[in-house]
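Working notes, beginning with the structure itself.
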Amino acid sequence: MDSIRIQGGMALQGKVRIQGSKNASLPILAATLLVGESSLIKNCPRITDVYSMVSLLKSLGCSVRWQEAGIAVDSSQVRQALMPRDAVRGMRSSLCLLGALIGRCAEVVMEHPGGCVIGERPIDMHLSALGRMGVEFEEDEKYLKAFSHGLHGADIHLPFPSVGATENIILAGVMAEGDTVLYGAAREPEVSALCRFLQQCGGWIEGIGSERLVIHGGRRLYGTEFTVPADRIVAGTYLLGCIGTGGSVFLEQAPGEEMQSVLETAVQMGGRIYGSKEGLYIQAPDRPAAVELVTAPYPGFPTDLQSVVLAVETRGKGASRIEERIFENRFRIVEELEKMGAMVELSGPGSALVHGVETLRGTRVEARELRGGAALVVAGLMAEGETFIGGCPYIYRGYENIGRDFRELGARVTSV
Ligand code: EPZ
């Protein structure tokens, strides 16, 4: 089941429920390590990145059980902090375990999470911030070893609002003695969800959602029940998929209040959008209008949906300019889209000019990373004829079942 086959050219119709957020689930599951007793995390998506996080928690001595209501984690027996090689290498978000573990164990050993297709993914901001909180590091080309004889609060200024670095500082900060004031914090909704989870556990964090956080350390944390919010990137993928194929869909649970920049872009593309507390209703134009897009930290346009906009605009009316300002290599998908007849000019590592064409032709293409793979599925839905997408395990890292979801919206998609 590593491939997806699509018979494209059909408008999407119908409704689909949006899964829980991958990028909120992962740091919250890591945060259960801080609690030292049982927590229940509801609405976690059944995706491979969550499965990897679950196996990491188990390898550290947690008891973890998937229940009907969610994932039950008991971290009272955490014994050691050596993370298994295969689980770390495959998943960058294991990095947020560093901040959680160093708060409970005096030493943490992990393999460097390393880079990936979309970029080199350095961790300098994580290390310098944790260093200011009393963590020392030893590194070689493979391993990262962290030691701490007691975390203490600090004033930290992030040069860039790194989501992962912000999360690691929060996770360490709630365990530190004293207060940590973080300037230049990431404001992504997933960071706010982590803060709300920790508040529910008894933590105290001021400025949630802003770029200045005050994390009050040294407070006892208790187990709790927490529901992960819906995934704004999955919702945006399906919303933009509808804009590209035509039709009208209802996305149940879509977190519209976290998607302002995406909704604005969808309207510029010609979509009509109606939001309610139940979700988002989208009516697509007959053909997307061209746009100018620049990715930015939240509340700007999310880099994780840049590839999907690019795919949709390959059939746009006119030329769309897309600037990728977050990661250095997020245009790998272009070579696959060109096999389908797309016309894209790349100028430098971060800029693409997409010349809209009348039709895309279905063909065989290969996913090479998560969000680019999802964008290829959208392109296949838009194309005339049959598209065959290989490399789908990348897509299953973040989407529970993208074929099932699009089938619920009337698309002809099969996993093979
Ligand atoms: C998180 O990655 C998300 N992953 C990414 O989603 C998302 O694209 C990204 O934030 C930006 O929103 C998870 O939450 C698990 P960053 P993260 O630190 O934390 C540079 C997906 O598809 N940087 O905000 O790794 C970095 O190289 C994934 O779900 C440093 O230079 O992103 C990048 O250019 C993909 N030094 C920029 O900052 C550092 O120490 C943003 O990275 C850290 C980051």
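Just so you know, these numbers use all the heavy atoms, side chains as well, and skip hydrogens, waters and symmetry mates. Small disclaimer: the values here were computed from a predicted structure and weren't measured.
For the residue pair Tyr238/Asp405, the side-chain donor-acceptor check at 3.5 Å is satisfied. Ser39 and Glu225 are not linked by any side-chain donor-acceptor pair at a separation below 3.5 angstrom, with hydrogens and angles left out of the test. No side-chain N or O of Arg232 forms a donor-acceptor pair with one of Ser21 less than 3.5 Å apart. For the residue pair Ser76 / Asp74, a side-chain donor-acceptor distance below 3.5 Å is found, with atom types taken as modelled. Side-chain contact of Ser75 with Glu37: a donor-acceptor pair under 3.5 Å is absent, judged by distance alone. For Thr359 and Glu384, the side-chain atoms include no donor-acceptor pair closer than 3.5 Å.
Under the 4.5 Å side-chain criterion, counting only non-hydrogen atoms from C-beta, Leu182 is not in contact with His157. You'll find the side chain of Leu280 stays beyond 4.5 Å of the side chain of Phe250, heavy atoms only. With contacts defined as side-chain heavy-atom distances shorter than 4.5 Å, the pair Asp231/Lys22 qualifies. Put simply, the side chain of Trp66 reaches to within 4.5 Å of the side chain of Arg46, judged on heavy atoms. Put simply, the side chain of Thr32 reaches to within 4.5 Å of the side chain of Ile41, judged on heavy atoms. Side-chain contact between Met340 and Val365 is present, with at least one heavy-atom pair separated by less than 4.5 Å. Taking the side chain as every heavy atom from C-beta outward, Leu144 and Ile123 approach each other to under 4.5 Å. In this structure the side chain of Met110 never reaches within 4.5 angstrom of the side chain of Tyr143, judged on heavy atoms.
Other residues, nucleotides and ligands contribute only 12 or fewer heavy atoms inside 6.0 Å of the CZ atom of Arg364. Residue Gln7 qualifies as enclosed at atom CD: its count of foreign heavy atoms under 6.0 Å is above 12. With a 6.0 Å radius and a threshold of 12 heavy atoms from other residues, nucleotides or ligands, Arg412 has its CZ atom above the threshold.
With hydrogens and angles disregarded, no donor-acceptor distance shorter than 3.5 Å links the side chain of Arg272 to the backbone of Gln283. Using a distance-only test at 3.5 Å, with no hydrogens or angles considered, a donor-acceptor pair links the side chain of Glu324 to the main chain of Ile326. The closest donor-acceptor contact from the side chain of Glu188 to the backbone of Tyr298 lies under 3.5 Å. With hydrogens and angles disregarded, no donor-acceptor distance shorter than 3.5 Å links the side chain of Glu313 to the backbone of Gly356. With hydrogens and angles disregarded, no donor-acceptor distance shorter than 3.5 Å links the side chain of Arg325 to the backbone of Ala296.
Here Glu336 does not pair with Arg332 in a salt bridge; the nearest charged N to carboxylate O distance is not below 4.0 Å. Using a 4.0 Å cut-off between charged side-chain N and carboxylate O, Glu358 and Arg287 make a salt bridge.
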Item to complete: Using the side chain to side chain contact (heavy atoms under 4.5 Å, CB included) rule, take Tyr183 and Leu213 through it: C-alpha gap first, then chi angles, then the decisive distance, then the call.
Response: CA-CA 7 Å; Tyr183 301 89; Leu213 295 175; over 6 Å; no

Practice prompt. Applying side chain to side chain contact (heavy atoms under 4.5 Å, CB included), run through Val378 and Leu240 and close with a yes or a no.
Written response: CA-CA 8 Å; Val378 168; Leu240 291 161; 6.0 Å; no

Item to complete: Quick one: do Glu139 and Leu127 satisfy side chain to side chain contact (heavy atoms under 4.5 Å, CB included)? Show the steps, please.
Response: CA-CA 11 Å; Glu139 286 186 81; Leu127 302 186; 3.6 Å; yes

Practice prompt. Applying side chain to side chain contact (heavy atoms under 4.5 Å, CB included), run through Asn401 and Gln19 and close with a yes or a no.
Written response: CA-CA 10 Å; Asn401 191 330; Gln19 68 184 58; over 6 Å; no

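Residue Arg321 comes nearest to Ser351 through the heavy atom pair NH1-OG, 3.0 Å, listed as atom of the first residue, atom of the second, then distance. Nearest heavy-atom pair across Leu26 and Cys96 is O-SG, 4.2 Å.
Cation-pi geometry between Arg220 and Tyr222 is satisfied (NZ or CZ under 6.0 Å from the ring centre, within 45° of the ring normal).
A side-chain contact (heavy atoms from CB on, under 4.5 Å) with Thr295 holds for exactly one of Glu323, Gln306, Arg330; it is Gln306.
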